[in-house]
K.L.:
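Sharing a structure, written as C-alpha cells. Questions coming.
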Protein chains: 2
Amino acid sequence: MTASHSPFARKLGAFVALSDRELIALDGLHTRRKVFPSGRDMIHEGQTNHSAYIVASGWASSYKILSDGSRQIVDFQIPGDFLGLRSVLCRTADHNIEPVTTLEASEVLASDLLDTFTDMPRVATAVLWAASRDEAMVVEHLVGVGRRDAKVRIVHFLLELKSRLKLVGMATSAGYDCPLSQNLVADALGLSTVHVNRVLRELREDGLLTFRHGHVEIHDLDGLIAMSNFDRTYLDEEGPMLI
Amino acid sequence: MTASHSPFARKLGAFVALSDRELIALDGLHTRRKVFPSGRDMIHEGQTNHSAYIVASGWASSYKILSDGSRQIVDFQIPGDFLGLRSVLCRTADHNIEPVTTLEASEVLASDLLDTFTDMPRVATAVLWAASRDEAMVVEHLVGVGRRDAKVRIVHFLLELKSRLKLVGMATSAGYDCPLSQNLVADALGLSTVHVNRVLRELREDGLLTFRHGHVEIHDLDGLIAMSNFDRTYLDEEGPMLI
DNA sequence: CGACGCCACTGATCTGCCTCAGTGCATGAT
DNA sequence: ATCATGCACTGAGGCAGATCAGTGGCGTCG
C-alpha cells in the first residue's frame with residue numbers, strides 16, 4: 001500500500017491485508033465528490049432518504065441537541081471515516097452531522113457498496129470491521145464520559161485522535177493538527193468550555209502536552225499513556241492484524 | 001405473529017413484517033441452549049474465539065472495568081437481545097458480559113446466521129436493523145451520561161427499558177419487573193448508588209414512579225415523558241414500520 | 001478605520017453529586 | 001435463635017466541575 005491511496009483505502013488496508021486490486025476498488029468509491037461548508041448541518045435529525053459519505057478531507061462532528069439546548073457530540077469524523085452509514089439502514093437519521101472545517105466527502109450509494117462486496121468479499125470484511133471499530137469507539141467514549149475525570153478524559157480523547165489520524169498519515173507521535181475549538185472538545189466530553197481550558201493549561205504546565213492554535217504537541221507520550229491508561233492495542237499502530 | 005414465538009422473533013417481527021416461515025426460521029436459531037448462572041462473567045475482555053448468543057430468558061450486563069476499579073455498564077441485555085455479536089466480528093471481546101439473573105441463552109453460530117440470511121434476505125435486514133438499533137441505544141446512553149442530570153437520566157433509562165421490555169411482552173404501560181439493583185443502575189448511569197437511591201425516593205414522592213422490590217410501577221407516564229423529553233418514536237411501540 | 005464576533009483565558013462563586021460512615025431490614029446459613 | 005451477608009436507605013461534609021462575569025487578541029466586514 002502506498003500513500004497515493006485515499007485515506008479510506010489506507011485505513012482499511014491497515015487492518016485487513018488487501019490486494020492492489022481491492023485497494024483500487026476502494027478508491028473507486030470516491031466518485032461523486034461533494035464539498036460542504038463548515039457551520040451548516042449536512043444531515044439533521046429526522047431527515048430521511050439521504051446517502052452515506054466517506055470523508056476525503058476535513059473534519060465533521062455528529063451530535064445531538066437536547067431540549068435544554070445543550071449539545072452532546074457523539075464523535076468526530078476525520079478523513080477516511082464513514083458519515084451516516086447507520087442512518088442509511090435506519091432510513092431516518094437519529095443525529096445531526098455538521099462539518100467542523102470545510103469538508104470534502106464522496107457520496108457512496110448502498111448499491112455500489114454492495115456490488116463491491118459481492119465482487120470482493122474481503123472488502124466487506126474490512127468495511128464491517130471499520131463499522132465495528134466505530135461502535136467500539138462510541139462505547140469507549142461512553143466509558144470515559146461516565147467514569148473518567150476531566151483530565152484523564154481529555155488525555156484519552158486526544159490520544160485516541162492521535163491514533164486515528166496516524167492511521168491516515170495525518171499525525172506522528174510528536175503531534176498533529178487539530179481544528180477543534182475548546183468548545184467542541186467540551187461538548188464531546190461532557191464538560192464546560194471553561195473547564196477544558198483549565199485542564200489544557202494544567203497539561204501544558206505539567207509538560208505533558210500542548211494544545212494550542214489548532215495544533216496538538218505531545219511532550220511526554222509515556223506519561224500520557226500511563227495517566228490515562230490508554231490501551232495501546234485498542235486502536236493502534238502496526239500493520240494488518242486481521243486475516 | 002403470536003406470543004408463541006421466541007422473544008427474539010417477536011422483537012424483529014415488530015420492526016420488519018416477517019412471514020410465518022421467517023419467524024419459524026428465527027425460532028430455529030434457538031437450538032444449543034445454555035444456562036449461565038448470575039454473578040460470573042460469561043465473556044470477558046480480551047477473550048478470543050467465542051460465540052454470539054441470543055438471550056432467551058433472564059438479564060445480562062455488558063460492562064468495562066477501569067484501572068481504578070470503577071465499572072461502567074454499557075448496556076443491559078434482555079430476552080430477545082443479541083450478546084457479543086460485535087466481538088465475533090472483531091475476534092476479541094472488548095468488554096465483559098455478566099448475567100444479572102440466571103440467564104438462558106442460545107448459542108448462534110455465524111454460519112447458521114449466514115445460512116438463514118442467504119435463504120431469507122428479509123431476515124438479514126431485520127438482524128441488521130436490530131444491530132443498528134443497539135448502536136443507537138448506546139449513543140443515546142452516551143448523550144444521557146454526558147448531558148442529562150441524574151433525575152432525567154434515571155427516568156430516561158427506566159422508560160427506555162419499558163419500551164424494550166414491551167416489545168417482547170414483558171412490560172405494560174403500568175410497569176414491569178426489573179431485577180436490577182440500585183448499584184447496577186448507578187454503574188450504568190455514571191452515578192453513585194447512594195444518589196440513585198435518593199433520586200428514586202424523590203420520583204416516588206413526586207408521584208411519578210416507584211421502583212422497589214424488583215418492580216417498576218409507572219404512576220404518571222405523561223409526566224415522566226415530559227420531564228425526560230423521551231422520544232416516543234425512538235424505540236416505540238406500534239407494529240411493523242419497516243418494509 | 002472602528003465595530004463586531006469568535007475564541008482563548010481568568011477569577012469568584014455556586015452546586016450536583018460523591019464519599020464516608022453509618023442504621024434497618026430482609027434472607028439464607030449454622 | 002443467631003449470625004452473616006446484601007441491599008435499601010439516611011445525614012454530614014467535601015470537591016470536581018459548572019456558571020457567571022468578565023478581559024484581551026485576532027480576523028473580517030461594512
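All values below come from the heavy atoms of this structure, side chains included, with hydrogens, waters and symmetry mates left out. We name chains A, B, ... by the order of the sequence lines, and we start the count at 1 in each one. Please read all numbers here as calculations on a predicted model, not as lab measurements.
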K.L.:
Specify the residues of residues 202-220 of chain B, ordered by number, for which at least one heavy atom lies under 4.0 angstrom from an atom of DNA chain D.
P.N.:
B:R204, B:R212

K.L.:
Could you walk me through whether A:L191 and A:V185 satisfy the side chain to side chain contact (heavy atoms under 4.5 Å, CB included) test, starting with their C-alpha distance in whole Å, then the side-chain angles of each, then the deciding distance to 0.1 Å, before giving a yes or no?
P.N.:
CA-CA 8 Å; A:L191 298 167; A:V185 174; over 6 Å; no

K.L.:
Just compare C:dC17, C:dC18, C:dG11 and give me whichever is closest to any side-chain atom of A:R198.
P.N.:
C:dG11

K.L.:
Examine C:dA8: is either OP1 or OP2 under 4.0 Å from a nitrogen or oxygen in the side chain of A:N197? Give yes or no.
P.N.:
no

K.L.:
Nearest-Å distance, NZ (B:K151) to C1' (C:dT15)?
P.N.:
16 Å

K.L.:
Looking only at side-chain N and O atoms, does A:N183 offer a donor or acceptor that is under 3.5 Å from a partner on A:T193?
P.N.:
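There is such a pair (donor and acceptor under 3.5 Å, judged by atom type) between the side chains of A:T193 and A:N183.
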
K.L.:
Nearest nucleotide by nearest heavy atom, which residue falls closer to the 5' end of DNA chain C, A:R147 or A:V194?
P.N.:
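In this pair, the answer is A:V194.
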
K.L.:
Determine yes or no for a side-chain-to-main-chain donor-acceptor pair under 3.5 angstrom, with B:R153 supplying the side chain and B:L189 the backbone.
P.N.:
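Confirmed, B:R153 side chain pairs with B:L189 backbone.
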
K.L.:
A:H195 NE2 to C:dC9 P: how many Å, rounded?
P.N.:
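From A:H195 NE2 to C:dC9 P: 15 Å.
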
K.L.:
Under 4.0 Å, counting only non-hydrogen atoms across every strand here, what does B:L200 touch: a base, just sugar-phosphate, or nothing?
P.N.:
nothing

K.L.:
Within this structure, what is the CD1-to-C1' distance between B:I154 and C:dG16, rounded to whole angstrom?
P.N.:
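Result: 13 Å.
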
K.L.:
May I ask you to say whether B:D81 pairs ionically with B:R164, meaning some side-chain N is under 4.0 Å from a carboxylate O?
P.N.:
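A salt bridge links B:D81 with B:R164.
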
K.L.:
Does the pair A:R198/A:E202 count as a salt bridge with the N-to-O cut at 4.0 Å?
P.N.:
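A salt bridge is absent here (no side-chain N lies under 4.0 Å from a carboxylate O).
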
K.L.:
Just call it for B:G190: base, sugar-phosphate, or nothing, with non-hydrogen atoms closer than 4.0 Å on any strand.
P.N.:
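Counting heavy atoms under 4.0 Å across all strands, the contact made by B:G190 is with sugar-phosphate only.
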
K.L.:
Look at the side chain of A:S181 and decide which nucleotide, out of C:dC7, C:dT19, C:dT10, has an atom nearest to it.
P.N.:
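Among the listed nucleotides, the one closest to the side chain of A:S181 is C:dC7.
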
K.L.:
Ignoring hydrogens, what is the shortest heavy-atom contact between A:V168 and A:P7? Give both atom names and the distance.
P.N.:
CG1-O, 3.5 Å

K.L.:
Identify whether the distance between the nearest side-chain nitrogen and carboxylate oxygen of B:K64 and A:D231 falls below 4.0 Å.
P.N.:
no

K.L.:
Does A:D68 pair with B:R148 as a salt bridge, N-O distance under 4.0 Å?
P.N.:
no

K.L.:
Whole angstroms only, please: what is the CG-P distance between B:L191 and C:dC17?
P.N.:
7 Å

K.L.:
Identify the 5'-most and 3'-most nucleotides of DNA chain D with at least one atom closer than 4.0 Å to a non-hydrogen atom of chain B.
P.N.:
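Using the under 4.0 Å cut-off, the span is D:dA8 to D:dA12.
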
K.L.:
Can you list everything that forms a side-chain hydrogen bond (donor to acceptor under 3.5 Å, both in side chains) with B:H44? Sequence neighbours excluded, please.
P.N.:
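Result, side-chain hydrogen bond (donor to acceptor under 3.5 Å, both in side chains) vs B:H44: none returned.
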
